[in-house]
Protein chains: 2
Amino acid sequence: MTVKRRSVPARQDGRATRWAGQRERRRREFVDAALKAITEHGPHVSTQQIADRAGVPRTRLYRHFNGKADLAAAIAERVIEQVVVELDPVWNPRGTPMEMIELAVRTHVAWMAEHAAIYQYVINIGGEAGASAYHDVKVAVSGHIAALFREYLHASGGDTTAAEPAAYGLVGFVDAATTRWLEHPDEQTREELVRKLVDWAWLLISDTAAKSGLELDPHQRLPTPKELRAQHATR
Amino acid sequence: MTVKRRSVPARQDGRATRWAGQRERRRREFVDAALKAITEHGPHVSTQQIADRAGVPRTRLYRHFNGKADLAAAIAERVIEQVVVELDPVWNPRGTPMEMIELAVRTHVAWMAEHAAIYQYVINIGGEAGASAYHDVKVAVSGHIAALFREYLHASGGDTTAAEPAAYGLVGFVDAATTRWLEHPDEQTREELVRKLVDWAWLLISDTAAKSGLELDPHQRLPTPKELRAQHATR
DNA sequence: TCTAAGTGTGACCCGAAGTAACGCTAACCA
DNA sequence: TGGTTAGCGTTACTTCGGGTCACACTTAGA
C-alpha cells in the first residue's frame with residue numbers, strides 16, 4: 001500500500017515542540033551547577049552535592065546524563081571551550097612568539113592557581129570517572145599546540161615528528177612545575193615562576209625550530225606558514 | 001614502693017617472639033601480590049582481586065593495612081625503592097651529564113612502557129586513594145633531581161630557585177610526551193622519542209647551568225660540587 | 001592443659017552511584 | 001472539556017566496593 005511521504009511534517013505537535021532544546025538547556029544548567037559544586041566542595045564532589053547545587057533531586061541528573069562519566073565529560077567540554085577561547089591568539093597566531101608563549105603559560109598557571117578544584121577534577125577525577133580521552137583538557141590543549149608546531153615545522157621543511165612530543169611535553173612541563181609551586185608558593189613569586197617557564201619554553205621552541213631551518217625572532221610577529229613556504233622555496 | 005627495673009627483659013615469651021617481623025613479612029607479601037594483581041587486572045584493581053592474588057580472604061588485608069590508602073602507599077614506596085636504585089648513577093653522579101640524562105629518561109620511558117598499569121596506579125589511582133604526597137613516585141623522583149640541581153646551582157653561585165621548577169618540569173615533560181607516544185606509538189620509534197627527550201633535557205639543563213656561570217660539557221665527567229666550589233672561589 | 005598470636009570464615013554495615021515506578025504540572029490538541 | 005505529551009519531584013530500591021567484627025581453628029610455647 002503506497003503511503004504519501006512528506007519531506008517535512010505540515011504542522012508539529014506543540015506538546016512536543018514545547019520542549020525543544022530543553023535537554024541541552026538542562027545539561028548546561030547542570031554543568032553550571034557542577035562547576036559551582038566542585039569549587040565549593042572540591043574535586044571529590046558527589047552527585048548529591050551537584051544535585052543540591054542544581055536544586056533538583058539526585059535522580060533527575062540521570063534523566064539528562066548517562067551516568068557520572070557523561071556528566072564529567074560535559075564538564076571537561078565546558079572547560080575546554082573556555083580555555084580554547086582564552087588561547088585564541090595562540091591557535092590563530094597573533095603577536096610575537098614571545099607574546100604567544102607568555103599568554104599560553106600564564107593561562108595555564110592561572111587555571112591551576114585560580115580554579116584548582118575544577119582543574120584537578122577535569123585532569124584527574126573526571127578522567128577516572130571514565131570520560132573518553134577526547135574530553136581530556138590536557139589532550140585538547142596539547143593537541144592544538146601540536147597542530148600549530150606541526151604546521152610550522154612542515155612549512156619550513158623540518159622534522160614534524162617533534163611536534164607532538166614537544167607540545168605534550170611543554171604542557172606537561174608547565175603543569176608539573178606549577179603543581180610543585182602551588183604546594184610551595186614561598187619558594188618564588190608567581191611572576192618569577194612564569195618568567196622561568198616562558199624562558200624555558202622559548203628555548204625549546206626556538207631550538208626545535210632552528211633545527212628545521214626556521215630562525216624565529218621572539219619579538220617579531222610570527223610569520224604565517226604561507227610566508228614560510230614562500231621563503232623556504234626561494235632557498 | 002621501689003621496683004627493680006631491668007634494661008631488657010631476662011627472657012621473652014616465645015609465643016610472642018615467634019611472630020617477630022611477621023607483620024612486615026605479610027605486608028611485603030601483600031604488596032607483591034598487589035603488584036601482580038595490578039599487572040593482571042589493570043590500575044583499577046579491587047581489594048578483592050588483590051586478596052585473591054595473595055590467597056587470603058579480603059578481610060585479612062585490613063589486619064595488616066589501615067585501609068586501601070595504606071596499601072596504596074606501601075605499593076608506591078616499593079616502586080620508589082626500585083626507581084631510586086635504578087637511578088643511583090644520577091643521585092650519586094657518575095659518568096657524563098649526557099649519560100646521566102639518558103639513563104634518567106630511559107628509565108622513565110621504560111617504566112611507563114613496560115609497567116603501564118603499575119605506573120598508572122601509583123601516579124593516579126593510588127594517589128586518589130589518599131596516599132600521602134611523600135609516597136608519590138613523581139614527587140620522590142623530582143625531589144631527588146631537584147636536590148641535585150640545587151646543589152650544583154648553589155656550588156656555582158647560581159639561582160637555586162630554578163632547581164625545583166626545572167626538575168619537576170622535566171619529569172612532567174618526559175611523562176606527558178611519553179604518555180602521548182604510548183597512545184600513538186607509530187608516530188616515531190621509542191629510540192627517536194628518547195633521543196628527542198634527551199636533547200631537550202640537555203638543552204634546558206645546560207642553559208640553566210650556563211646562566212649560573214656553570215659551563216657543562218655533555219661528554220665530560222660531571223665535576224663534583226666540591227670541585228665547582230673550588231673553581232668558583234678562584235674567579 | 002592452657003595461652004599467645006596469627007589465620008580463615010562468614011555475617012554485616014555503610015556510602016555512593018544508579019534504576020524505576022508513581023503522581024503531579026503545564027501546555028497543547030481534537 | 002477531556003485526553004495527551006513531556007518534563008518534573010518524590011520515594012523506594014538495587015548494586016557495588018570498602019571496611020568492621022565475632023568466632024572457631026591452628027601452631028607453637030609455657
Side-chain angles (χ1 to χ4, degrees), chain A residues 9-30 33-34 37-38 41-75 121 125-131, chain B residues 9-30 33-34 37-38 40-75 121 124-131:
Chain A
R11 191 168 183 280
Q12 275 194 289
D13 196 323
R15 292 168 294 189
T17 58
R18 170 192 186 194
W19 300 105
Q22 172 67 358
R23 182 176 169 77
E24 282 66 43
R25 272 193 293 273
R26 277 303 240 172
R27 282 174 67 97
R28 279 198 294 279
E29 283 174 27
F30 290 168
I38 293 167
H41 301 285
H44 290 275
V45 74
S46 68
T47 46
Q48 184 60 61
Q49 290 169 321
I50 292 172
D52 288 345
R53 215 47 170 87
V56 299
R58 189 174 61 84
T59 52
R60 187 69 358 215
L61 294 178
Y62 299 96
R63 284 274 171 240
H64 300 279
F65 292 97
N66 187 22
K68 197 174 187 184
D70 190 20
L71 174 56
I75 293 167
Y121 180 90
I125 292 84
E128 285 320 310
Chain B
R11 193 166 180 281
Q12 276 195 287
D13 195 324
R15 292 170 296 183
T17 59
R18 172 190 185 196
W19 298 107
Q22 172 67 357
R23 181 176 170 77
E24 282 66 45
R25 272 193 293 278
R26 280 301 241 174
R27 283 174 66 98
R28 278 197 297 277
E29 282 174 30
F30 290 166
I38 294 167
E40 179 178 355
H41 300 286
H44 290 276
V45 72
S46 67
T47 45
Q48 183 60 61
Q49 291 170 320
I50 292 171
D52 288 344
R53 217 40 170 93
V56 299
R58 190 172 61 84
T59 53
R60 187 79 343 229
L61 294 179
Y62 297 96
R63 285 279 168 232
H64 300 280
F65 293 97
N66 188 23
K68 197 174 187 183
D70 190 19
L71 173 57
I75 294 166
Y121 179 90
N124 294 321
I125 293 86
E128 285 320 308

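Throughout, a chain's letter reflects where its sequence line sits, starting with A, and its residues are numbered from 1. Everything numeric in this text was worked out from a predicted model, so none of it was measured.
Ranked by how close their nearest DNA chain D nucleotide is to the 5' end, Y62(B) and R18(B) are led by Y62(B). Mapping R58(A) and H64(A) onto DNA chain D by nearest heavy atom places H64(A) at the nucleotide closer to the 5' end.
Atom CZ of R63(A) has 12 or fewer heavy atoms from other residues, nucleotides or ligands within 6.0 Å.
Note: CZ (R23(B)) to P (dT7(C)) measures 10 Å, nearest angstrom. We find that CD of Q48(A) is positioned 11 Å from P of dT10(D), with the value rounded to whole Å. I50(B) has its CD1 atom 12 Å from the C1' atom of dG17(D), to the nearest Å. Remark: P of dA16(C) and NE2 of H44(A) are 13 Å apart, rounded to the nearest angstrom. Look at CG on D70(B): it is 11 Å from P on dT20(D), rounded to the nearest Å. Regarding F30(A), its CZ atom lies at a distance of 15 Å from the P atom of dA17(C), rounded to whole Å. When rounded to the nearest whole Å, the span between CH2 of W19(B) and P of dA28(D) equals 8 Å. In this structure, the CZ atom of R63(A) is 14 Å from the C1' atom of dT11(D), given to the nearest Å.
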Item to check | side-chain contact (heavy atoms from CB on, under 4.5 Å) assessment of D70(B) paired with R27(B) | outcome: CA-CA 10 Å; D70(B) 190 19; R27(B) 283 174 66 98; 3.3 Å; yes
Checklist entry - R26(B) and E29(B): salt bridge (Lys or Arg N to Asp or Glu O under 4.0 Å), yes or no, with the steps? => result CA-CA 5 Å; R26(B) 280 301 241 174; E29(B) 282 174 30; 3.1 Å; yes
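Minimum atom distance to the side chain of R15(B) is reached by dA4(C), of the listed dG8(C), dG18(C), dA4(C). Distances from the side chain of T59(B) to the nucleotides dA6(D), dT9(C), dT4(D) place dT9(C) closest.
Taking 4.0 angstrom as the limit, Q22(B) places a side-chain polar atom (N or O) nearer than this to OP1 or OP2 of dT7(C). Distances shown here put a side-chain N or O of T47(A) below 4.0 Å from the OP1 or OP2 atom of dA17(C). One finds no side-chain N or O of S46(A) lying less than 4.0 angstrom from the OP1 or OP2 phosphate oxygen of dA16(C).
Taking the six-membered ring for Trp and thresholds of 30 and 60 degrees, F65(B) and F30(B) have ring planes inclined between 30 and 60 degrees apart.
Within 4.0 Å of R60(B), counting heavy atoms only, lies at least one base atom of the nucleic acid. Note on T17(A): nothing from the nucleic acid sits closer than 4.0 angstrom, heavy atoms only.
Counting heavy atoms from C-beta outward, R53(B) and V45(B) have side chains that stay 4.5 Å or more apart.
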